[in-house]
Amino acid sequence: MLQIMDVNIHDLEDLLVDGKSFSISASADAPILKQYNILNPSLHPSSAAYQLAKEELAHNRLLSYYHADDLDTILTHISRNAKLSIEENGSSTLFLAIGLLQWRDKKTLAQVRSAPIILIPVELTRRSINSKFVLRSREEEAMINITLLEFLRQEHGLDLRDLEELPKDGKGIDVAQLIAQMRRAIMGLKGWDIVDQVILGNFSFNKLILWNDIAHQSEEIAKSSIVRSLIDGQLRLDIGKEEVPLDFDNINPSALALPIATDVSQLEAIFTSNQNQSFVLHGPPGTGKSQTITNIIANALYQGKKVLFVAAKKAALDVVYKRLAAIGLSNFCLELHSNKAKKSDLLSQLAETLEQPQLKGNFNFQDEANHLINAKKELQIYISQLHKQQPIGWSLYDSITALTTLESYQFAKIDLPKTFFDSLTNEKWRTWKDLVIDLNSVSKIIANPIQNPFKGIALVQYSSAIQQEVVSSAVELNHTLLEYGQLLRQFISNFDMPIQNLSWSDLYLFDQLIKSLTELPETDLSLWKMLLSKSQEERLQKWISHFEIYQSRRQVLLNHAHKSVLDANLTALESLWNEAKQTWFLPKWFKKRKVKKGLSAFSTIPLHEDETFDQFFAYVNAFQQIRAVVESKEYEAIHQGLGSSYLQEDTNLKLVQEQIETLKIINGQLIALSNVTVTDIVQKWIEKSKTKTSQLIPNQEYTLQSLTKVWGTLLIKSNDFQTLTQLDIRSYPVQVDWLTDIEGKISGIIDQIDYLKNWTNYSKTKEKAISLDLNWFIELYEKDDLKQEHLLEHFDYIIHYNLANQVIASHEALNMFNVRLFEDKIEKYKQIANSFTELTRKELLLRLNERLPNNTIEALQGSEIAILQRAIKNRGRGVSIRKLFDQIPALLPRLAPCMLMSPISVAQYFEVNPDQFDLLIFDEASQLPLVKLSVL
């Protein structure tokens, strides 16, 4: 604080009311103290110092008790504090206190306490850092120290509330009368006194204004649902039914005034405010909050509403005011924030607004709005589809935007089925996204699945016991694989067969080959070779048919004759018998007797009747005919090819047939297993002097039995391993050779067994993914078709890429889209929209101008216009801003429908009245104390 050298406080107050400015001078003989807040004793009016101060006052100069250096330090500090308060709280704390009440507290009798009585709002300015500070009135009403009055009431039972309405004289406060009233009030208090001293300082008591409103208007304030919510600690707002999504595309442009371009999120806030709904508008810096607030205010004014914009910080008010001024609304916006609350400035602005000429428009606003609607519809053919929300929860535009962002990753384009998105909802997509996030985490603790030895293992439970079972089973399986592989390679080498790179199905077929070889009777390789020629096989089958008849007829003949008949020539006897049948009785008898005698050496059955002779000759002839066939030159090669299996008439056809069938099976197996012909294989055996199948490999019986036995063990061990791990090694895809690859895989599992726990985590994630229909993504992941280091981004890319393709393909307008035509339509729409924005500003100004009063018609004696004009004429002398506002309640919103104020200014200039404004906007409301919110 700074004590001013004593002067007549009544004269000082009158001079300040008259608008006088005062310089503050240092004391000529004061030393540099570097001590501040010193309160000197009162000066006697007859003292030289008092007379000097009085003389300086007449020349608009005030004296201090400090050296020039100390004075500059004190005034600079006071001025900065006042400016900071203006910027932070919207109110100045700089006052000139005239008249001090002094008393001694009962607890500290030795200490004299002082409190200002009258506080005159003032301001300190200076042109430069080297010039003196100048003190002048802020043109606000002087006030009594209401904090002091409340203190006297609570602590000492002195009720001085009558002094809240200060006594007036011709210029301002009647200081002498006020001081006299105070003296009478404290007359009975021992040690109390009032001194006519003057103090310049920062007095922060403005919150008491807010407190005073709460104390005296609590019932009225509590009627507010917002205040009631704050009091009760629970929401009391009528939030209505569930919100219905707004169709902003179909809002008529003339329904809302948007003098500044806006986006959809900002438009939602403007529309909501237009519906008289309470809401919170939040967002980081740079997201257009001030722009949105400007549009909200402009639209409210367009709708004929009264607006109050409240901000504690001056900078916030300035931003919005400048935006409103930029669209031509400055004359209709009254800024009452601290230093902007000068009575002269306020009256000057109201006078300027009052004198505005009547405006007339030369356009039809609704016609222009319809023009904009038609241009918009042309674009909406594309835009409606572009921005239509898909079942997945976003639009084609969102997907295109995402693809643009993700294209730098250069992901492979992976097509999904066309029906893929039929059942893909936003909820399902979010579930997928969560799963992919889990997969991304797991992928960091396992090796790439395409190279991971655990690939295919589907364990979803883990324990050290399970791990031990897996490694034991793997070791046993690996041992069996090695043993069978060794036997297999040894057999192939001995068997001299070009068999290599066997798959599991090949190995199964190989086992069948082993079984076929085991079951094959000893066979000449010449028979095997003969079967490899189609013509020779056909001849063999023909011979078998004939030989089967031959054996049958031979047996029939031997059933009626001795074996000697097989080589006998009975042609002469048969001729004699045929002659006998043509002669008469006696010659016939002699010839028949002769034939019977000749056949008796061969026949084993009695020959009496003619039929028995005929039948016997028939048996003989049939046999001789078929023998001639089977012994013909045509079948000589067959006899040689059968080798040891051919035993002439004793040849075992059943054995031969068994050999043939088995060899055919073996041929088919060899064809499937080998990449060369079976003919080459057999020929190679023959060339190595092998003649029989028993000579193909050494210890053939033992080798074949060993292979069969170890194969059976391999089946058991592979089944055990599959049951334990869910890894089907039989169908597991291999690169070259099943045995080699699986041996390597099982060895890898054994070597990496300590990482089984990590793989189990992956298996659990995979199982969940499959249950969520994400098996397609798992397949891509395991095939290494995804960028492992960017799984999340690649997943998003696949979804957005396929959604975009599907939406475009399903709509003709999008398929027929032409960039040039569309850009022309956009440019046309922009021109119309920009023109309409400008017309909106003009329409808004026209509406506000129409509401202005007619000075000639309405300026009757005693009318609100007359009251305002009188205040303007006498510069508001004798009337405070608050009183003026009370006197022109209907005129004020017509002249200034938008008020921009600090919380303290609102409490200072307006009574508590919920109907004062139609729209209330708090800037940075979260930073306002509840006491400030409540009174608003």
Side-chain angles (χ1 to χ4, degrees), residues 475-532 643-645 655-656 658-720 729-730 734 736-744 746-747:
V475 169
E476 293 176 6
L477 175 58
N478 201 43
H479 175 76
T480 306
L481 287 168
L482 292 172
E483 184 179 4
Y484 187 76
Q486 184 178 359
L487 287 172
L488 175 65
R489 286 185 288 273
Q490 183 179 350
F491 173 83
I492 291 174
S493 175
N494 292 335
F495 203 58
D496 202 10
M497 288 174 57
I499 297 176
Q500 56 184 355
N501 301 334
L502 300 177
S503 64
W504 169 262
S505 58
D506 291 336
L507 289 174
Y508 185 82
L509 187 60
F510 180 78
D511 179 64
Q512 299 303 310
L513 171 63
I514 298 301
K515 291 179 179 177
S516 297
L517 290 172
T518 303
E519 296 169 357
L520 177 65
E522 185 173 22
T523 305
D524 288 77
L525 294 181
S526 56
L527 172 59
W528 199 337
K529 183 178 180 181
M530 187 165 50
L531 289 175
L532 297 175
S644 59
S645 298
L655 176 62
V656 171
E658 183 181 347
Q659 290 173 323
I660 292 172
E661 292 303 320
T662 304
L663 288 174
K664 283 183 178 181
I665 293 173
I666 293 174
N667 286 343
Q669 293 164 342
L670 287 175
I671 291 171
L673 291 172
S674 177
N675 55 5
V676 297
T677 64
V678 181
T679 303
D680 292 340
I681 296 173
V682 175
Q683 184 61 39
K684 194 174 182 180
W685 289 336
I686 294 173
E687 289 173 357
K688 291 186 177 181
S689 302
K690 295 180 180 180
T691 59
K692 296 184 179 295
T693 55
S694 59
Q695 300 171 346
L696 294 180
I697 58 174
N699 302 318
Q700 181 166 301
E701 183 177 356
Y702 174 77
T703 301
L704 296 178
Q705 289 177 353
S706 298
L707 279 167
T708 301
K709 179 181 178 182
V710 177
W711 173 255
T713 304
L714 180 58
L715 290 177
I716 294 172
K717 296 302 180 183
S718 62
N719 283 336
D720 292 344
I729 59 173
R730 300 177 186 181
V734 295
V736 182
D737 180 73
W738 187 90
L739 275 175
T740 303
D741 288 357
I742 296 302
E743 283 175 17
I746 300 301
S747 297

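With S674 contributing its side chain and I671 its backbone, the two residues share no donor-acceptor pair below 3.5 Å. Remark: the backbone N or O of I716 is not paired with any side-chain donor or acceptor of N719 at under 3.5 angstrom. Between the side chain of W738 and the backbone N or O of S505, no donor-acceptor pair lies under 3.5 Å.
We find the CG-CG distance between D506 and L513 to be 11.5 Å, quoted to the nearest 0.5 Å. Taking CG of N667 as the reference point, atom OG1 of T662 lies at 10.5 Å (rounded to 0.5 Å). For the atom pair L715 CG and T480 OG1, the distance stands at 10.5 Å (nearest 0.5 Å). Within the model, atoms CG of L517 and CG of L707 stand 10.0 Å from one another, a figure rounded to the nearest 0.5 Å.
L527 has its side chain within reach of L663: a pair of non-hydrogen atoms, C-beta onward, lies under 4.5 Å apart. Inter-residue side-chain proximity for L739 and L481 is flagged as met; some heavy-atom pair is nearer than 4.5 Å. Side-chain contact between R730 and I742: absent, with no pair of heavy atoms (C-beta onward) separated by less than 4.5 Å.
Remark: T518 engages no residue in a side chain to side chain donor-acceptor pair (under 3.5 Å) (not counting sequence neighbours). Scored by the salt bridge (charged side-chain N to carboxylate O under 4.0 Å, His left out) test, E483 finds no partners at all (sequence neighbours excluded). By the side chain to side chain donor-acceptor pair (under 3.5 Å) test, S645 pairs with Q659, sequence neighbours left out. For K690, the salt bridge (charged side-chain N to carboxylate O under 4.0 Å, His left out) criterion is met by no residue, not counting sequence neighbours. Judged as a side chain to side chain donor-acceptor pair (under 3.5 Å), and not counting sequence neighbours, N501 has no contacts. Take D511 and apply the salt bridge (charged side-chain N to carboxylate O under 4.0 Å, His left out) test, not counting sequence neighbours, and it matches K515. Residues forming a salt bridge (charged side-chain N to carboxylate O under 4.0 Å, His left out) with D737 (at least two apart in sequence, or on another chain): none. Residues forming a side chain to side chain donor-acceptor pair (under 3.5 Å) with E476 (at least two apart in sequence, or on another chain): K717. Partners of L482 under the side-chain contact (heavy atoms from CB on, under 4.5 Å) rule, at least two apart in sequence or in another chain, are N478, E743.
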If you apply the rule side-chain contact (heavy atoms from CB on, under 4.5 Å), what do you find for S718 with L477, and how did you get there? CA-CA 6 Å; S718 62; L477 175 58; 4.3 Å; yes
From CA spacing to verdict: side-chain contact (heavy atoms from CB on, under 4.5 Å), L673, F510: CA-CA 7 Å; L673 291 172; F510 180 78; 4.1 Å; yes
Derivation of the side-chain contact (heavy atoms from CB on, under 4.5 Å) call for L507 and L488: CA-CA 10 Å; L507 289 174; L488 175 65; 3.9 Å; yes
side-chain contact (heavy atoms from CB on, under 4.5 Å) between L520 and I666: does it pass, once the steps are laid out? CA-CA 9 Å; L520 177 65; I666 293 174; 4.0 Å; yes
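At most 12 non-hydrogen atoms from other residues, nucleotides or ligands lie less than 6.0 angstrom from CD of Q486.
The salt bridge (Lys or Arg N to Asp or Glu O under 4.0 Å) contacts involving residues 660-669 comprise E537-K664, where partners must be two or more places apart or lie in separate chains. For residues 686-711, every residue pair satisfying the ring pair (Phe, Tyr, Trp, His ring centres under 6.0 Å) rule, not counting sequence neighbours, is listed here: Y484-W711, W504-W711. Residue pairs satisfying the salt bridge (Lys or Arg N to Asp or Glu O under 4.0 Å) criterion with at least one member in residues 516-532, sequence neighbours excluded, are listed as follows: D524-K692.
Across G643 and S526, no two heavy atoms sit closer than the pair N-OG, 4.3 Å. S516 approaches I665 most closely through the heavy-atom pair OG-CG2, 3.7 Å.
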